[in-house]
Amino acid sequence: MCRNEEISPDNYTLATLSKVSSEIGDVRIGETVHCWIIKTGFVSDTVLMNSVMAMYLKCGSFRGLREVFDKMPQRNSASWNVLISGFSVFNSCMIYEDVWMLVKQMQKESVRLDAYTISTLLPMCDGKWNYGREIHCFIVKNESALDYLDVHVGSCLIDMYSKRKNVTLGRRVFDRMKCRNIVAWTAIIMSYIQNGDCEEALALFQRMQFKVEPNRVSLISVLPACSSLNSLMGGKQIHGFAIRNEFNHQVSLNNALIDMYCKCGDLSYAKRVFDNDAYCKDEISWSSIIAGYGLHGKGNEAVSLFNGMLQMGIKPNSITLVGVISGCGRSGLVKEGLNIYNSAVTLYGISPTVEACACVVDMLGRAGQLDRALEFINSMPVKPSPSVWGALFGASVLHENLEMREIACKFLIQLEPENSSNYISLSNVYASSGRWDVVAELRNRMKSRGLRKLPGCSWV
DNA sequence: TCTAAAGTAT
């Protein structure tokens, strides 16, 4: 960058330059702009400094952002909002109490919490940080000042309630919103999908089309509902809409289509979408098609697609690994699956996740190699999870191996002491060998934990 | 000239 010394940039120019730096995402260029601002004496311009904070945020420098905030002589709501965003973006810096303290501090300094503040805070309200309802109350109390059902705030509320499995409260917000754009519609549709009501999700999607034009994200969001309902017809209609509206050049949409076709059982359509050259395939495209072939018992095709991916220079990740190994498992390709697992670190640079390890256990187990599966569990690089022992349990049921069933159940109880089905499975093991004393002891253990048999376990 | 929201592969 060069600068004509005779013409000094004003605060507007500098703000534009700061914005450009954010878009490039280059912190060095941003820092240069920041230096000019200091030299030209514009550091007291709040709006300009807010854009510098936003630049540091987008360029990944929490330190830069914090420093600007701390040195600002005057701050407005936007300054606080960017700082709060910083806490949510830079997760490693995230200490929830700190965020709440910032909010309190903001109020103490009489800075108004606005719709921006609220829609930044709401996505941070997960299981660990439980201010969601408090924030919602704040919104209700400040309805007139805040424009309660601001479309941003409303969408965030729907999303927050969805994550807490409360689609009813989300729907109440949605129904009361003054204006609903595509984001709000997508949020409520997603909420139904995430909470298992795919019929309502599709019904809303139909209604939505009379109100707003679907975009790429909304189509991607609704496709899993078609998969869940096994509605190939619904999926094809969305595919048709995507083609007519030229969304089918986008990799993310094609990925969602591939997944939908695989899950609806139409592999040839999935492959047709995959093979379309009008878009650039990424690791999700490959992982989806590989998993699809694997799921349908076509392990050899899954393995050759996996090799094709490597040849194309697309780096597989741990999810790709899970797809290809589980495909091997379903097709009895133990040797191929183990080869891929063993090359994961050395050839593909993937450290196997516990999910990948569970697939290996499942693969060995299905093939009847239960001792080898147990040996694998004892030597795997990550701590076995319930899914790992669950895989061994499933295989020991399949191959009627009581001894392995007992081992798997014991570990399952150890890992999930509150899950009653584990006790029941173990007591079934003992019941089948007539060890009623141990069965009774297990019943007592369940009782002392306040656990009950799940309804429907009539076989116990 | 400043700040916020929805999505796809196990």
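When the side-chain nitrogen and oxygen atoms of A:K263 are compared with OP1 and OP2 of B:dT10, one or more of them lie within a distance under 4.0 Å. At the phosphate of B:dC2, OP1 or OP2 sits under 4.0 Å from a side-chain N or O atom of A:K19.
If you check every strand for non-hydrogen atoms under 4.0 Å, A:N254 touches nothing. Contact annotation for A:V82: backbone-only contact, meaning every heavy-atom pair under 4.0 Å involves sugar-phosphate atoms and none involves a base. Looking at heavy-atom distances under 4.0 Å, A:N181 makes contact with a base. Here A:S288 lies in heavy-atom contact (under 4.0 Å) with sugar-phosphate atoms only.
Taking the six-membered ring where the residue is Trp, the centroids of A:F62 and A:F87 are separated by under 6.0 Å. Ring pair A:W36/A:F42: centre-to-centre distance not below 6.0 Å. Between A:F306 and A:W286, the distance from one ring center to the other does not fall under 6.0 angstrom. Aromatic ring centres of A:Y341 and A:F376: separated by under 6.0 Å. Taking the six-membered ring for Trp and the full ring otherwise, the centers of A:Y116 and A:H152 sit at least 6.0 Å from each other.
Side chain of A:V151, nearest nucleotide from B:dA5, B:dT8, B:dA4: B:dA5. Counting only heavy atoms from C-beta on, A:A256 has its side chain closest to B:dT8 among B:dA4, B:dA6, B:dT8. Relative to the side chain of A:D45, the nucleotides B:dT1, B:dA4, B:dG7 differ in distance, and B:dT1 lies closest. Side chain of A:N81, nearest nucleotide from B:dC2, B:dT3, B:dA4: B:dT3. With B:dT8, B:dA5, B:dT3 as the candidates, the nucleotide lying closest to the side chain of A:C156 is B:dA5. For A:Y116, counting side-chain heavy atoms from C-beta on, the closest listed nucleotide (B:dA5, B:dT1, B:dA4) is B:dA4. Candidate nucleotides B:dT3, B:dT10, B:dT8 were compared by shortest atom distance to the side chain of A:N255, and B:dT8 ranks first. Side-chain atoms of A:S287 lie closest to B:dA9 of the nucleotides B:dA9, B:dA4, B:dT8.
The distance between atom CD1 of A:I84 and atom C1' of B:dA5, rounded to the nearest whole Å, is 16 Å. Rounded to an integer number of Å, the gap from A:L305 CG to B:dA9 C1' is 14 Å. As rounded to whole Å, 15 Å separates atom P of B:dT1 from atom CD1 of A:I37. As a whole-Å value, the separation of A:D150 CG from B:dA5 C1' is 9 Å. Here the P atom of nucleotide B:dA4 and the CE atom of A:M160 are 20 Å apart, to the nearest Å. At whole-Å resolution of the value, CE in A:M53 and P in B:dT1 are 20 Å apart. In this structure, A:R180 atom CZ and B:dA5 atom C1' are separated by 16 Å, rounded to whole Å. In this structure, A:I284 atom CD1 and B:dT10 atom P are separated by 10 Å, rounded to whole Å.
Across residues 202-235 of chain A, A:N215, A:R216, A:V217, A:I220, A:S221 each have a non-hydrogen atom less than 4.0 Å from an atom of DNA chain B (numbered order).
With no hydrogens or angles considered, a side-chain donor-acceptor pair links A:N255 and A:S285 at under 3.5 Å. A donor and an acceptor atom, one from each side chain of A:N81 and A:T120, are nowhere located under 3.5 Å apart. A side-chain N or O of A:D266 and one of A:S268 form a donor-acceptor pair less than 3.5 Å apart.
Scanning atom types as modelled, no donor and acceptor separated by under 3.5 angstrom connect the side chain of A:T120 and the base of B:dA4. The base of B:dG7 is paired with the side chain of A:S252 by a donor and an acceptor separated by under 3.5 Å.
Because its NZ or CZ atom is not both nearer than 6.0 Å to the ring centre of A:Y56 and within 45° of the ring axis, A:K58 does not count as a cation-pi partner of that residue.
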